[in-house]
There are 2 protein chains.
Amino acid sequence: MSKRYTPVSAAADVEAALRLLEGRWKLVILFHLFGGKVLRFSDLERAIPGITQKMLGQQLKALEADGIVHRQAYPQVPPKVEYRLTIWGQALCPALDAILKWADQRAEA
Amino acid sequence: MSKRYTPVSAAADVEAALRLLEGRWKLVILFHLFGGKVLRFSDLERAIPGITQKMLGQQLKALEADGIVHRQAYPQVPPKVEYRLTIWGQALCPALDAILKWADQRAEA
DNA sequence: CGGCATCCACCCCGATACTG
DNA sequence: CAGTATCGGGGTGGATGCCG
């Protein structure tokens with residue numbers, strides 16, 4: 001443990017972490033990468049009907065910069081790029097799973 | 001089970017559920033109500049340094065309308081209003097807890 | 001104390017078009 | 001296929017002031 005805890009700093013840490021997941025699309029994207037799935041750009045585009053190319057690219061770049069998503073490009077024609085969760089991203093899986101369960105409960109009612 | 005499941009509808013349900021938690025402040029507020037805590041308006045205001053009264057009131061109203069937070073007003077002078085999670089809101093606790101753990105992991109590193 | 005009203009800046013996000 | 005460029009509208013959120 002490299003850090004001391006106080007209620008205050010814990011709250012600040014949570015807020016900082018939440019910033020990384022904010023926005024209209026981030027969690028939606030992560031849900032589709034959930035479970036170790038590896039998807040191409042166009043896969044995600046098809047999996048998320050409402051999203052535009054701009055937002056998908058923009059959010060993926062942000063998630064990559066924050067170390068949550070790993071981007072692997074194959075230098076070939078036509079281009080091929082795969083996205084998957086990093087280790088840090090996979091650490092989010094329990095949270096994603098819990099949210100999924102909550103969504104299911106709401107959908108049932 | 002009152003609903004049939006397909007990958008598509010499951011994704012739609014998740015997206016719908018995420019809409020309820022979107023925005024700059026919703027999850028932050030819920031974190032402070034986490035664990036069955038009952039807080040007054042001014043308690044939340046103090047607990048979340050960056051927030052304005054407008055946003056706090058606005059987001060609390062939205063959370064109340066979505067059945068996640070319960071609002072109890074005591075008709076007295078000066079006014080006293082308490083906020084707590086509803087049953088649906090408490091169903092979010094596992095998710096909040098998982099996100100908290102993730103935040104802790106990041107903070108340690 | 002616990003709001004609401006107003007005004008306003010920003011930037012998020014969408015639509016469209018273009019590129020390697 | 002996998003993006004970027006540009007433009008523009010609207011909603012989110014901040015500051016301030018007023019009210020029961």
Side-chain angles (χ1 to χ4, degrees), chain A residues 11-12 14-33 37-66 68-85, chain B residues 11-12 14-33 37-66 68-85:
Chain A
V14 170
E15 290 197 40
L18 288 179
R19 298 294 188 101
L20 308 180
L21 307 176
E22 261 180 36
R24 174 84 179 70
W25 297 111
K26 296 242 182 80
L27 283 174
V28 178
I29 292 172
L30 293 179
F31 267 104
H32 286 279
L33 260 16
K37 284 193 283 288
V38 179
L39 296 179
R40 300 181 58 165
F41 190 90
S42 53
D43 292 332
L44 285 167
E45 216 176 335
R46 253 174 287 107
I48 310 174
I51 203 168
T52 61
Q53 284 188 323
K54 171 187 170 181
M55 292 315 299
L56 182 54
Q58 190 172 294
Q59 303 304 305
L60 280 170
K61 187 183 289 188
L63 289 169
E64 188 193 0
D66 289 332
I68 297 172
V69 160
H70 174 73
R71 177 184 191 273
Q72 181 164 11
Y74 299 89
Q76 64 188 36
V77 179
K80 174 180 174 180
V81 182
E82 291 179 340
Y83 293 91
R84 76 193 68 196
L85 297 181
Chain B
V14 169
E15 289 197 41
L18 288 178
R19 297 295 187 104
L20 307 180
L21 306 177
E22 258 182 36
R24 175 80 179 74
W25 298 111
K26 295 241 182 81
L27 283 174
V28 178
I29 293 172
L30 293 180
F31 266 105
H32 287 279
L33 260 18
K37 284 193 283 288
V38 179
L39 296 178
R40 300 179 58 165
F41 190 88
S42 52
D43 291 332
L44 284 168
E45 215 175 336
R46 254 174 286 108
I48 310 175
I51 204 168
T52 61
Q53 285 188 325
K54 172 187 171 183
M55 292 315 300
L56 182 54
Q58 192 171 294
Q59 303 303 306
L60 279 171
K61 185 183 290 188
L63 289 170
E64 188 194 0
D66 289 332
I68 297 172
V69 160
H70 174 72
R71 177 183 191 274
Q72 181 164 11
Y74 299 88
Q76 63 186 37
V77 180
K80 175 179 173 181
V81 183
E82 290 179 341
Y83 293 92
R84 76 192 67 196
L85 296 181

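Small disclaimer: the values here were computed from a predicted structure and weren't measured. Letters A, B, ... mirror the listed sequences (proteins, then strands); counts begin at 1.
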Can you tell me the distance, in whole Å, between the [atom1] atom of [X] and the [atom2] atom of [N]?
| X | N | atom1 | atom2 | value |
| --- | --- | --- | --- | --- |
| B:Tyr74 | C:dG3 | OH | P | 13 Å |
| B:Leu60 | C:dG2 | CG | P | 11 Å |
| B:Glu45 | C:dC4 | CD | P | 13 Å |
| A:Gln53 | C:dG20 | CD | P | 16 Å |
| B:Glu64 | C:dC4 | CD | P | 10 Å |

So do the side chains of [X] and [Y] get within less than 4.5 Å of each other, counting heavy atoms only?
| X | Y | answer |
| --- | --- | --- |
| A:Leu30 | A:Leu21 | yes |
| A:Asp43 | A:Arg46 | yes |
| A:Arg71 | A:Leu60 | no |
| B:Arg24 | B:Gln59 | no |
| A:Ile29 | A:Leu56 | yes |
| A:Lys37 | A:His32 | no |

task: Heavy atoms under 4.0 Å is the rule here; annotate nucleotides 7-13 of chain C 5' to 3' with B where the base is hit, S where only the sugar-phosphate is, and - elsewhere.
output: B-----B
- request: Ignoring backbone atoms, test whether B:Ser42 places a side-chain nitrogen or oxygen under 4.0 Å from the OP1 or OP2 oxygen of C:dG2.
  value: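 Yes, such a contact exists.
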B:Leu63 and its side chain to side chain contact (heavy atoms under 4.5 Å, CB included) partner, picked from B:Leu20, B:Val69, B:Leu33: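 Testing B:Leu63 for a side chain to side chain contact (heavy atoms under 4.5 Å, CB included) against B:Leu20, B:Val69, B:Leu33 leaves exactly one candidate, B:Val69.
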task: Using the closest heavy atom to pick a nucleotide of DNA chain C for each, name whichever of A:Pro78 or A:Gly50 lands nearer the 5' end.
output: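 Closest to the 5' end, via its nearest nucleotide, is A:Gly50.
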message: Heavy-atom nearest nucleotide on DNA chain C for A:Pro79 versus B:Arg71: which residue maps closer to 5'?
response: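 Looking at the nearest nucleotide for each, B:Arg71 comes out on the 5' side.
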- prompt: Which is true for A:Tyr83 with a 4.0 Å heavy-atom rule: it touches a base, it touches only sugar-phosphate, or it touches nothing?
  reply: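 Since only primed, P, OP1 and OP2 atoms lie under 4.0 Å of A:Tyr83, the category is sugar-phosphate.
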query: CH2/A:Trp25 to CG/A:Leu44 distance, rounded to the nearest 0.5 angstrom?
result: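 Output value for this atom pair is 12.0 Å.
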First-last contacting nucleotides on DNA chain D - partner chain B, under 4.0 angstrom, heavy atom: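 Boundary nucleotides touching chain B, in 5' to 3' order, are D:dG13 to D:dG20.
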field: Main-chain N/O of B:Gly57 paired with B:Lys61 side-chain donor or acceptor, under 3.5 Å
entry: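 Checking the backbone N and O of B:Gly57 against the side chain of B:Lys61, no donor-acceptor pair under 3.5 Å is found.
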